[in-house]
Number of protein chains: 2
Amino acid sequence: MTKSQDKHVLYVKEELAQNNQRATSYDVARAAGVSQSAVSRCFKPGASVSEKMRKRVQEVATVLGYQPNAIARSLITRRSNMVAVVINNDTNLYYPELLVELSRDFNERGVHMLLFTLEHESDVANILDQVWQYQVDGVILAAQLSDTQLSFLGQRDIPFVYYNRTSDSIPCSSVQCDHFEGERLLVDKLIAAKRKRFCIITGPSDSSVSATRMQGALKRLHELDISDVQIIEGDYSYHSGQESLISMIDELDWQPDAVICANDIMALGCIDAARNHFKFKVPKQISIVGFDGAVPASWQAYQLTTVTQPLELMAQAAVDILMQRIEDPSLPPEKRSFSGVFSPGNTL
Amino acid sequence: MTKSQDKHVLYVKEELAQNNQRATSYDVARAAGVSQSAVSRCFKPGASVSEKMRKRVQEVATVLGYQPNAIARSLITRRSNMVAVVINNDTNLYYPELLVELSRDFNERGVHMLLFTLEHESDVANILDQVWQYQVDGVILAAQLSDTQLSFLGQRDIPFVYYNRTSDSIPCSSVQCDHFEGERLLVDKLIAAKRKRFCIITGPSDSSVSATRMQGALKRLHELDISDVQIIEGDYSYHSGQESLISMIDELDWQPDAVICANDIMALGCIDAARNHFKFKVPKQISIVGFDGAVPASWQAYQLTTVTQPLELMAQAAVDILMQRIEDPSLPPEKRSFSGVFSPGNTL
DNA sequence: ATTCTAGATGCATTCGAATTCATATAGCAA
DNA sequence: TTGCTATATGAATTCGAATGCATCTAGAAT
């Protein structure tokens, strides 16, 4: 770089600073004495640029602190490299871990996550509009949507993957843990432990995950000719786990020796209620099982018997499926299902 | 709407469908027989548009499924309405709740969150580049940055707020829980409970939060002429809470009657180790305190004595400060500090 | 020396909405 | 009817990078 060139670069830099402006590809071009297209190409791997040019431009870009404007790029390439992740704002301690996993996997592919958390069911429509406006390349749905809402995405050809949910009526890609199978397994284990009086604490009534899990458990119980099962509705929270067990015994007057909870967190509440409120020995007097493999479930105070969702695999699968469909939108929907992993614990 | 107009709209719709294209403001303009500027104005509240025009355009927009392209809008307005949220991928169960809070507060203001999770310290530089490229309006930093990295944001005039951290050398806005004060309080409570032999389980050595908390505790202990304090380094995880207590007693041969943990999750591990490994009565034989107010800390099995961070307030403050600085970048940095709330629990 | 080719470069256009400025229209007063 | 205003509308430009196309250059082949 000659001295006069150097000066020119600094002059441009000064000018930008004065006007408090970001460097654009034009600025770099001007400062380096080349065309804007050249600058653009220098930032595109595999483009036809000479070594000399690339070096020169990179030098100037560094001095000016230039980085391509992703927004402008998105506009012309019609690719935002952003995906939306929509999660229910459950009391579900499980999602956070999911977010971290997804974030890792997406970042590896240079994709960024726009996060949407749902407060109320009614926010969905609003959020779908936002998703659409922001031109995201795809969507991960870890929230409950109506078929109408799903079809919104379908009609607009936004690739999406349902996480731990599916729709029977609308074709869609999904990644799931086999809730049904997992619950069957748990029931079998409870039976093997000679449990006789079963009860179930479900999740909120609009949760399809809870519904599937409970169907799995019930089906197996019926197969085994156990039909006298008490069912009570929880809301996935620790507190509702406690309360449900208490009202089950105190109000419904049903004394179970096996409690099947729709998720781990409720199971933990249930354990505490059993131990503290009723002074039961767990699992001697009462068995309690959950579902998820939430982190606190394995803590010594609990050591919950549960089925663990293979979170990493599931997140990766979701990202895989989504990215494939972004690359080639003509791909048909794909569903992947993973078996949960039995975690023996100490409450059975 | 006359029939011929109607037909024209449907024709445009058909055309878009054929080419598999999204409707743009031009399409709407064409279909409605007005100018593009008119369409644009119809979507801007308070713009000068006649009622008739607004109605007509809205009708057509609905039929064509038109929503303004946020990317294109960002380009021209120089406002992306996106903020970056950078969090450490700690074992810290506390962040998830923060995310939900932030998401709620930002969404209320029509701002969207681009989520970045840090695996390694070394990712920071990379992530800052991304943040810059995506033209975010501001950044929430819930991760540790070096002063050099901080100054990157400063130099580029990106408004940002440090969450639960500050820099002494670089002026910056921040929201904090008063860790120092909180720890003093806990120490005083431990003293009031007649505790004599103290030990501390810190967080990872590069965590400034942990450093501040431990300084607060130590300072108070020294003021009270207690200088014989055993310190051991943990990593914020449940497991490290367990291990630290065990190695403290078994290896360092130091038998404490008070354990100060840098966060709640370690304290929970510590409680379990005390109860199960050592058969201690908590708090009879040993007091254990944490910091954060993590959800599981209040579960019956633990009922940890701790100081709870006012999460909602802090998140709101962070959003407030950030948005103010986005509206008016000339505002000087502002630091807000909140006192933690003592949660008595049952382990002291 | 001449022709051909591959690679390098620049020009001009494009993506989609916002906005400035100029113009047109309706409404009202004189 | 004329003139004036206030409001509505459209034309043209802008944001910043990517890219198809045309042009140019250097080196190889003849």
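Below, read A as the first sequence line, B as the second, and so on, with proteins coming before strands; counting in each chain starts at 1.
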Side-chain N,O ([X]) to OP1/OP2 ([N]) below 4.0 Å:
X: A:Ser40; N: D:dA18; result: yes
X: A:Ser25; N: D:dA17; result: yes
X: B:Arg78; N: D:dC15; result: no
X: A:Tyr66; N: D:dA17; result: yes
X: A:Ser50; N: C:dT9; result: yes

Would you call A:Arg30 and A:Glu15 a salt bridge, taking side-chain N to carboxylate O under 4.0 Å as the test? yes
Are B:Glu51 and B:Arg54 ion-paired here, with the side-chain N under 4.0 Å from a carboxylate O? no
Please compare B:Ala47 and B:Leu75 by the position of their nearest nucleotide in DNA chain D and report the one closer to 5'. B:Ala47
I want to confirm an ordering. Mapping B:Ala72 and B:Arg41 to their closest nucleotides on DNA chain C, which one lands closer to the 5' end? B:Ala72
Closest listed nucleotide, where the reference is the side chain of A:Val34 and the choices are D:dT9, C:dC15, C:dG10: C:dG10
Between the base of C:dC11 and the side chain of A:Ser37, is there a donor-acceptor distance below 3.5 Å? yes
Donor/acceptor link under 3.5 angstrom from B:Gln36 side chain onto base of C:dA18: yes
Using only heavy-atom distances, determine whether the side chains of B:Gln133 and A:Arg73 contain a donor-acceptor pair under 3.5 Å. no
Please report, rounded to the nearest Å, how far the P atom of D:dA18 is from the CD1 atom of B:Ile71. 14 Å
Result of checking A:Val139, A:Ile140, A:Leu141, A:Ile321 against A:Tyr162 for side chain to side chain contact (heavy atoms under 4.5 Å, CB included): A:Leu141
